[in-house]
Amino acid sequence: MQVSVETIGTLGRRLKVAVPADQVEKEFNDRLQRLSKQVKLPGFRPGKVPLKMVEAQYGGRLMDEIAGDLIQTTMHEAIGSQGLRPAGDPRVQRKTITRGEQLEYTVEFEIYPEVKRFDLTGARIERPVVAVSEADVDRTLETIRKQRATWRPVERETRLGDRVTIDFVGRLNGKEFEGGKATALPLVLGSGTLIESLEQGLVGAKSGEARSVTAKFPADYRHSLLAGQVADFDVKVNEVAEAILPEVNEAFAKELGVADGSVEKLRTDVKTNLEREASNRARAVLRTRALKSLLDANPMDVPQSLLDSEVQRLKSADISSGSSLADEAIYGSRARSRVALGLILGEIIRTRGLVPDPSRVRARLEEMAADYESPQEFIQWHYEKPERLSEIESLVMEERVVEDLLVSAEVTDKSMTFQELLKTDVVLQ
């Protein structure tokens, strides 16, 4: 078998493969012999049909079958002989083949990019260090109170935080648009349920009042046809109600699961939960910074086939969640980072021979299960099917790689408040 390789761009490769004519001929004769024993033609006993008649009737089909099978059996050998690792499915083209000729075909594919850096030597990374304060506890309890608010109708002008019940119709260039109409919609002003400028335009209105509000959709609005557009809204305010917040007392504590109604116990539980949240987020921030440094240390082109697949996956995920990004470039950027990172991590895991540690997988599951009402059911659900458990195993493997990376980096602690931590990005762009 003859193999030659041609480089196409950075990652593209084209192999030209020629399978010797004698190998093709041997395969053809073997199959023709087997087929002749099965063919039935009028005037001949089974197995006695002359080979030339069998060839005349079935030869073309046999050659096509042989070509397809030989391509499958020789392609991987040809690729392997060149030390190449295809990313995505190879694309094959072959020439027409006849008796006595060699089989010639080309196969095109992209290869995985080379990973050059497997550590973070020289990288400087800040690790968030947070102490949850009593003010954080107060802020959380206030949020819980607002979530359990009751509403009392009032006869005054609306303020931020009030709930209004409204009818509205929105128009773009004088025409109503899909999703721009509602009746008896409850809306807490300032909640971000509708676009900000529309909610702000209703501050100061009274029950029974009709208002015209001009509002602009954000440039990154989830519906791309509306992103950045200015719309006119005719709004009727049917009711204005103010929030009545529950007191933080024994009844409130019991409602939140404190059996004896102790407010101090409630505050302790809230603080414990916030400390766990802070720990998890600080770890996520550190992970993101380590992986960002790893990406920066390994600039690379990524296979287009993998990039296209990841873009589609991100779009499908957004559509499933009821949102979509207006800018196609955002999908491309995110997909490129995710594909590159996956390739780098995969290569680190492969070259170091890392495998999931069952004890670490179990410990990670138990940690995650602590946020659920039935932790044991959560754990058992993952162990019931390998594909569920594999997601946790992948997470643990990534955490293991990040730990190894941080050993080689210069990591310094940075104190911050819990609120600052919540604003710190944990998404790898």
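The analysis underlying the following values was restricted to heavy atoms, covering all of them including side chains, and did not include hydrogens, waters or symmetry mates.
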Pairs involving residues 106-140, ordered by first then second residue, that meet ring pair (Phe, Tyr, Trp, His ring centres under 6.0 Å) (sequence neighbours left out)
none

For the OG1 atom of T412 and the CZ atom of R124, what is their distance to the nearest 0.5 Å?
9.0 Å

Please answer whether the main-chain N or O of R117 pairs with a side-chain N or O of N298 as donor and acceptor at a distance below 3.5 Å.
yes

Please identify which of these residues, K16, R14, R13, meets the salt bridge (Lys or Arg N to Asp or Glu O under 4.0 Å) condition with E108.
R14

Between the side chain of T158 and the main-chain N/O of G204, is any donor-acceptor distance below 3.5 Å?
yes

To the nearest 0.5 Å, tell me how far L202 CG sits from I166 CD1.
5.5 Å

For A131, enumerate each residue passing the side chain to side chain contact (heavy atoms under 4.5 Å, CB included) test, keeping only those at least two apart in sequence or located in another chain.
none

More than 12 heavy atoms of other residues, nucleotides or ligands under 6.0 Å from CG of D89: yes or no?
no

Going through the distances and angles, do L141 and R267 end up as a side chain to side chain contact (heavy atoms under 4.5 Å, CB included)?
CA-CA 8 Å; L141 288 174; R267 294 183 65 86; 3.7 Å; yes

Evaluate R336 against L307 for side chain to side chain contact (heavy atoms under 4.5 Å, CB included), listing each step before the verdict.
CA-CA 6 Å; R336 188 173 300 277; L307 182 60; 3.2 Å; yes

Measure the NZ-CD distance between K116 and E347 for me, rounded to the nearest 0.5 Å.
13.5 Å

Can I get a per-line list of side-chain donor-acceptor pairs under 3.5 Å for residues 175-190, giving both atom names and the distance, sequence neighbours left out?
none

If you measure from CG on L345 to CG on L291, what distance do you get to the nearest 0.5 Å?
6.0 Å

Rounded to the nearest 0.5 Å, what separates atom CG in D162 from atom CZ in R156?
4.0 Å

Could you pull out all residues at least two apart from M397 that satisfy side chain to side chain contact (heavy atoms under 4.5 Å, CB included)?
I349, L354, P356

Check: E387 main-chain N/O paired with S390 side-chain donor or acceptor under 3.5 Å
yes

Please tell me if the side chains of F252 and R148 come closer than 4.5 Å, counting only heavy atoms from C-beta onward.
yes

Return yes if some donor-acceptor pair links the side-chain N/O of S279 with the main-chain N/O of E275 below 3.5 Å, else return no.
no

Does the side chain of D269 come under 3.5 Å of the side chain of T272 through a donor N or O and an acceptor N or O?
no

Verdict with reasoning, I344 to M300, per side chain to side chain contact (heavy atoms under 4.5 Å, CB included):
CA-CA 10 Å; I344 297 169; M300 64 173 63; 3.6 Å; yes

Taking E142 as the fixed residue, which of K146, R145, R139 is the one that meets the side-chain hydrogen bond (donor to acceptor under 3.5 Å, both in side chains) rule?
R145

Which ring pair (Phe, Tyr, Trp, His ring centres under 6.0 Å) pairs, counting each pair once, include a residue from residues 355-376, with sequence neighbours left out?
Y372-F378

Go through the steps for E134 and K271 under the test salt bridge (Lys or Arg N to Asp or Glu O under 4.0 Å), then give the verdict.
CA-CA 8 Å; E134 291 303 312; K271 188 171 186 179; 3.5 Å; yes

Would you say the side chains of N273 and E277 form a donor-acceptor pair under 3.5 Å?
no

After noting the C-alpha distance and the side-chain angles of S133 and D136, does the key distance pass the side-chain hydrogen bond (donor to acceptor under 3.5 Å, both in side chains) rule?
CA-CA 5 Å; S133 67; D136 295 321; 3.1 Å; yes

From CA spacing to verdict: side-chain hydrogen bond (donor to acceptor under 3.5 Å, both in side chains), S359, D357:
CA-CA 6 Å; S359 62; D357 181 345; 2.8 Å; yes

E196: side chain to side chain donor-acceptor pair (under 3.5 Å) partners, not counting sequence neighbours
none

